[in-house]
Amino acid sequence: MDAAEIHAGRERWQRRYDAARKRDADFTTLSGAPVDPVYGPPEGADHPGFERIGWPGEFPYTRGLHPTGYRGRTWTIRQFAGFGNARQTNERYKMILAAGGGGLSVAFDMPTLMGRDSDEPEALGEVGHCGVAIDSAADMDVLFEGIPLQDVTTSMTISGPAVPVFVMYLVAAERQGADLSKLDGTLQTDIFKEYIAQKEWLFEPQPHLRLIGDLMEYCAAEIPKYKPLSVSGYHIREAGSTAAQELAYTLADGFGYVELGLSRGLDVNTFAPGLSFFFDAHVDFFEEIAKFRAARRIWARHLRDDYGATSEKALWLKFHTQTAGVSLTAQQPVNNVVRTAVEALAAVLGGTNSLHTNALDETLALPTDESAEIALRTQQVIMEETGVVNVADPLGGSWYVEALTDRIEAEAEEIFTRIRELGHDGSITAGILRGIEDGWFTANIAEAAFAYQQAVEKGAKRVVGVNAHTGTVAKELEILRVSHEVEETQRRDLINRKANRDGVRVKAALEQLISVARTGGNMIPAMLEAARAEATLGEICGVLKSEWGIYREPPRF
Ligand SMILES: C[C@H](C(=O)O)C(=O)SCCNC(=O)CCNC(=O)[C@H](O)C(C)(C)COP(=O)(O)OP(=O)(O)OC[C@H]1O[C@@H](n2cnc3c(N)ncnc32)[C@H](O)[C@@H]1OP(=O)(O)O
């Protein structure tokens with residue numbers, strides 16, 4: 001890019017920055033020195049390739065979505081939490097909000113994640129253990145009691161049974177008297193990554209994709225700010241992928257959902273703002289920063305050039321980040337605070353929109369109140385003390401970071417080509433589906449995980465407390481234990497609830513759901529009615545399983 005174009009870009013950015021709202025905060029260094037809101041190349045000089053870097057708030061958004069960076073708004077502190085029953089988790093949410101959390105993020109227990117009720121035999125021993133147990137809308141009422149859903153953005157991490165859980169959340173909001181059209185939040189819903197990495201599916205891909213299409217259509221029309229998809233790389237990375245695989249598989253999945261929206265006749269400028277992303281922040285500081293910067297650039301270019309998006313919000317890649325669970329060690333666990341801080345800083349320097357920091361004991365159990373507070377305070381130290389929020393994309397223009405950003409982008413592009421080739425019709429969706437069926441994704445991830453593990457075992461990659469610096473004076477940690485009483489009470493409550501609801505209304509609602517499943521209309525209104533009648537998650541998923549069957553992964557060696 002020549003000097004005149006760079007100058008014009010700077011002036012354009014300055015006008016937008018001046019017009020934008022800024023936080024009322026001190027943007028000087030700790031020593032009181034003034035700093036600019038963004039830095040760029042020296043005036044009067046050409047800078048080849050600057051169009052790939054650009055200015056914050058401008059295409060290709062390498063440097064962030066907003067001209068003000070974090071001076072306009074800091075990222076949302078969004079701590080993923082849930083354990084035991086809805087009452088216990090409600091208390092944890094109130095603690096998080098009182099301590100400065102900016103939004104909520106629901107972790108469900110394993111039976112809920114698999115679409116099962118707490119009283120099913122498969123749920124035995126799992127109720128309330130890795131998250132909160134939700135059986136019907138009544139549990140959602142308790143989960144959000146005293147928390148006005150219209151005023152807080154709520155993320156729910158669930159994909160296989162995402163839609164029935166979402167309608168239960170709508171019912172809870174309705175019962176609070178909220179205006180549903182004003183709700184803002186995110187539902188994970190990302191079924192592609194379930195087949196690729198996390199393995200919490202219910203049906204074959206096609207019925208899942210139909211439900212996701214229904215959800216995209218419903219949200220775009222009725223709840224415009226709600227994000228019905230959080231396309232997730234986190235689980236792909238945690239399963240052992242490289243950074244480039246995480247990026248490429250996730251963005252490919254995102255393109256798949258764009259193709260789904262288009263196939264339903266939806267306008268890309270209307271539904272694409274509902275696509276949100278979720279990445280891992282691993283411990284290789286610069287590689288992670290490069291990954292986040294590349295993600296925004298790749299998404300904006302493909303949305304514009306391949307899928308015809310024209311509105312700014314449709315081109316924006318917005319993402320949540322969680323620090324890497326897999327980087328935490330059971331050995332010398334207090335060191336995990338340091339790892340998490342470094343990873344969180346990478347997410348922030350990469351321009352994350354929302355962030356979860358892991359607690360130091362999460363490799364052993366769900367966090368205690370104290371470790372959850374340290375995790376949250378870690379974000380606050382970065383936000384309030386370090387000055388990194390003063391300047392947008394402070395590492396932009398670093399030769400190292402720009403070279404890494406270009407490299408990871410090029411690697412991702414090669415992977416997109418390979419995925420398209422798998423499908424034989426040129427679409428990403430066909431490639432993803434074929435890759436899932438053939439175990440292509442899982443094999444590549446397993447290979448990358450194996451290579452890393454070998455490097456650790458040979459000592460080429462060093463992990464403090466594991467294969468380096470193993471001597472310690474550390475004492476055993478007190479960890480959170482969820483009592484089995486939770487399971488008993490949850491099951492008892494569920495039995496009572498079933499006995500006291502209007503059984504005829506439940507039966508009619510479930511029959512109507514099946515009828516819509518057969519005739520092909522949008523299934524959300526019928527599912528909403530079933531949730532209002534207190535049909536349980538297991539009942540809703542059960543009738544759909546009897547209609548659509550279940551998915552079993554083909555065995556592979
Ligand atoms: C591992 C674990 C498991 O499986 O067990 C999991 O999966 S845990 C998975 C947990 N997942 C999550 O928690 C997902 C969280 N995701 C989200 O919260 C969302 O999808 C998100 C990433 C888009 C973040 O949404 P958010 O509301 O917190 O933040 P946003 O960035 O959208 O900001 C809120 C509003 O402020 C605006 N805004 C932001 N920054 C600025 C700025 N500098 N100047 C002006 N406006 C600004 C945004 O455009 C938006 O408005 P407007 O809306 O008008 O544009």
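Every heavy atom of this structure was used, including side-chain atoms; hydrogens, water molecules and symmetry mates were not. One-based numbering, in listed order, for ligands and for the atoms of each.
A cation-pi arrangement, defined by a distance under 6.0 Å to the six-membered ring centre and an angle within 45 degrees of its axis, is present between K22 and Y17. Judged by the 6.0 Å and 45° rule, R71 forms a cation-pi pair with F27.
For T153 and D184, the side-chain atoms include no donor-acceptor pair closer than 3.5 Å. A donor-acceptor pair shorter than 3.5 Å cannot be found between the side chains of R87 and N90.
Side-chain contact between Q379 and L355 is present, with heavy atoms from C-beta onward closer than 4.5 Å.
Among residues two or more places apart in sequence or in another chain, the ring-ring contact (aromatic ring centres under 6.0 Å, His included) test is passed with W55 by F50.
Residue-level contacts of ligand 1 at the 4.0 Å heavy-atom threshold are H66, T68, G69, G72, R73, T76, R78, F80, S105, S155, T157, T186, Q188, Q198, K225, Y234, H235, S276, F278, K313, W316, K318, F319, H320, Q322, N353, S354.
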